[in-house]
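Just so you know, these numbers come straight off a predicted model, no measurement behind them. Reminder, nothing fancy here: chain letters follow the sequence lines and each chain counts from 1.
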Amino acid sequence: MPELAEVEYFRKCWDSGLGKRVTEVRCHPAARVFRGMKTKELTVALTGSRLLSSDAHGKQMIFRFENATLGVHLGMTGELRCEGYGFDPGKHDHLVLRQKTRTLVFSDPRLFGRLLFHQGPADPDWWTAQAPSVLSKEFSQATLAAFLLRRQRAPIKSILLMQQAFPGVGNWMADEILWQARISPTTLGGKIRDVGALWKTIRSVCRNALRIIGTDGSDPPTDWLFSHRWGRGGFCPRCGLDLERSPIGGRTTCWCPRCQER
DNA sequence: TCTCGTGTTTCTTG
DNA sequence: TCAAGAAACACGAG
């Protein structure tokens, strides 16, 4: 479930390769994750190149090497791992970067993820053109109010999934934000009564998820909706009522019909 | 065997 | 012309 915090966790999985040279690149060129990319150029550029730095923004990651830049989007089922040197890649390990004492692996069974490649001294457009983080100064109550005004007729659940305004917020995080803010997922963007409270909740859920999941991959506390929303059944951790589930904005949405009446 | 699904892009509809 | 919803992508899990 790679959303904001999980992406940060996966980014760190390659940290042990920082400053080290890539000795061998293996990839599955036909895999959908390479769409639009010349994998031969990627292989040539990364072989012998040192991994210099990495960053995560929303659901996008960037890995800067000496000779090239690699972008990683995990889609729904992608992941990054660090394995030992002698690691034998499986069929879903589409990009494998061998270093002297370890192997950096990008794996994605469903192939919804995407790898990007760039050569040049500056960071590429697909990195610099991203929307400001919801934790940045640029994401103000005024920008949130203006965005809601432009999306007056869409349910708030669908709006929170729009990456051009809320980079990194995915399905479970959107449900968590609405549950903590006590807003029904079906409320239309133009009907949000307290934009300031929603703004605060968006920031606190993202900040805490990054702190908890982004640090070591552990789960949020049990008084979050998170632990109760998966699968069937489940009770609201605040009032104990049965949770409801229904697709909103094309995604399974989970909410408490009592706590989130409006 | 069948249904479901954590994301994004593209197409269709209003 | 724009916004919102639906479909498609591919495959493992239940």
### Task
Could you check how far CZ of R32(A) sits from C1' of dA8(C), rounded to whole Å?
9 Å

### Query
Under 6.0 Å between ring centres, would you say that holds for F147(A) and F166(A)?
yes

### Query
Expressed in whole Å, how much space separates the P atoms belonging to dT3(B) and dA7(C)?
15 Å

### Message
Heavy atoms from C-beta onward define the side chain here; which of dT8(B), dA3(C), dG12(C) lies closest to that of Q163(A)?
### Response
dT8(B)

### Query
Can D223(A) and R238(A) be counted as an ion pair, charged N to O under 4.0 angstrom?
no

### Query
With a 4.0 Å cut-off on heavy atoms, is R114(A) in touch with a base, just the backbone sugar-phosphate, or nothing at all?
nothing

#### Entry: Side chain of S158(A) (C-beta onward), nearest among dG12(C), dA4(C), dG5(C)
dG5(C)

### Task
Spell out, as yes or no, whether a donor-acceptor pair under 3.5 Å connects the side chain of D93(A) to the backbone of V105(A).
no

### Query
Any side-chain N or O of K91(A) under 4.0 Å from OP1/OP2 of dG12(C)?
yes

#### Entry: Check ion pair E176(A)-R229(A) (N to O, under 4.0 angstrom)
no

### Ring centroids of F112(A) and dT8(B) base under 5.5 Å with planes under 30°
no

### Query
What is the pairing partner of dC11(C), taking Watson-Crick or G-U wobble pairs with both distances under 3.5 Å in any strand?
dG5(B)

### Query
If you check the M76(A) side chain, which of dT8(B), dG5(B), dA4(C) turns out closest?
dG5(B)

### Query
Expressed in angstrom and rounded to an integer, what is the separation of R245(A) atom CZ from dG5(B) atom P?
10 Å

### Query
Are any of H92(A)'s side-chain N or O atoms less than 4.0 Å away from OP1 or OP2 of dG12(C)?
yes

### Message
What's the gap between dA13(C) and dT8(B) when it is taken at their C1' atoms, as a whole Å value?
### Response
22 Å

### T252(A), nearest nucleotide to its side chain (from dG12(C), dG5(C), dG5(B))
dG5(B)

### Message
Output the rounded distance in Å from CZ (R151(A)) to P (dC2(C)).
### Response
12 Å

#### Entry: Separation of dC4(B) P from W172(A) CH2 (nearest whole Å)
25 Å

### Query
On DNA chain B, nearest-nucleotide positions of R110(A) versus R35(A): which is more 5'?
R110(A)

### Message
Taking the minimum atom-to-atom distance to the side chain of L111(A), which one of dA4(C), dC11(C), dT8(B) wins?
### Response
dC11(C)

### Message
Rounded to the nearest 0.5 Å, what separates atom CH2 in W14(A) from atom CZ in R102(A)?
### Response
12.5 Å

### Task
Report which part of the nucleic acid P247(A) touches: base, sugar-phosphate, or nothing (heavy-atom distance under 4.0 Å, all strands).
nothing

### Task
Considering only atom P, compute the distance from dC11(B) to dA10(C) and round it to an integer number of Å.
16 Å

### Task
Measure from CG on L161(A) to P on dA6(C) and round the result to the nearest Å.
14 Å

### Query
So does D123(A) pair up with R64(A), basic N to acidic O under 4.0 Å?
yes

### Query
Touch check for G250(A), heavy atoms < 4.0 angstrom, all strands: base, sugar-phosphate only, or nothing?
nothing

